[in-house]
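Everything numeric in this text was worked out from a predicted model, so none of it was measured. We number each residue from 1, following the sequence as shown.
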Amino acid sequence: MKMSCYFRHLKEIFQDAEIEISKENKKIIDQKIHQFVEVPYKHCPEAWKKIKEWLKDEERKRRLIDYLKKEHYGF
């Protein structure tokens with residue numbers, strides 16, 4: 001399965017959010033992440049740039065993990 005351009009860098013985030021990436025949920029997770037960082041879907045380089053900024057700050061990183069964990073139950 002081909003991963004979104006930044007997914008390979010988020011293995012720890014997905015693990016902390018208790019999300020296992022699958023063929024079935026990858027696109028939805030990608031869309032949710034774009035929504036979270038307020039970047040139009042499929043603008044991968046721009047999304048990754050914002051994600052990297054979020055990951056530098058522990059509080060923002062925790063918010064991303066909590067968001068993904070919460071949203072995961074809707075996948």
For residues 39-53, please give each side-chain donor-acceptor pair under 3.5 Å, one per line with the distance, not counting sequence neighbours.
residue, atom, partner, partner atom, Å
K50, NZ, V37, O, 3.3
E53, OE2, K56, NZ, 3.1

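- Within the 4.5 Å cutoff, the side chain of I33 has heavy atoms near those of the L10 side chain.
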Verdict with supporting geometry, D30 and Y6, side chain to side chain contact (heavy atoms under 4.5 Å, CB included): CA-CA 9 Å; D30 194 24; Y6 57 82; 2.4 Å; yes
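- Distance check: I21 CD1 to F7 CZ gives 5.0 Å after rounding to the nearest 0.5 Å.
- A distance of 6.0 Å separates CG of D16 from CD1 of I13, quoted to the nearest 0.5 Å.
- Screening residues 58-67 for salt bridge (Lys or Arg N to Asp or Glu O under 4.0 Å) gives E12-K61, R62-D66 as the qualifying pairs, with residues at least two apart or on separate chains.
- Between the CG atom of N25 and the NZ atom of K32 there is a distance of 12.0 Å, given to the nearest 0.5 Å.
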For side chain to side chain contact (heavy atoms under 4.5 Å, CB included), just list the numbers for L64 and L55, CA-CA rounded to whole Å, side-chain angles, deciding distance to a tenth of an Å, and then say yes or no. CA-CA 9 Å; L64 174 60; L55 297 179; 4.1 Å; yes
Pair Q31, H34 - check side chain to side chain contact (heavy atoms under 4.5 Å, CB included), show working. CA-CA 5 Å; Q31 290 171 337; H34 276 75; 5.7 Å; no
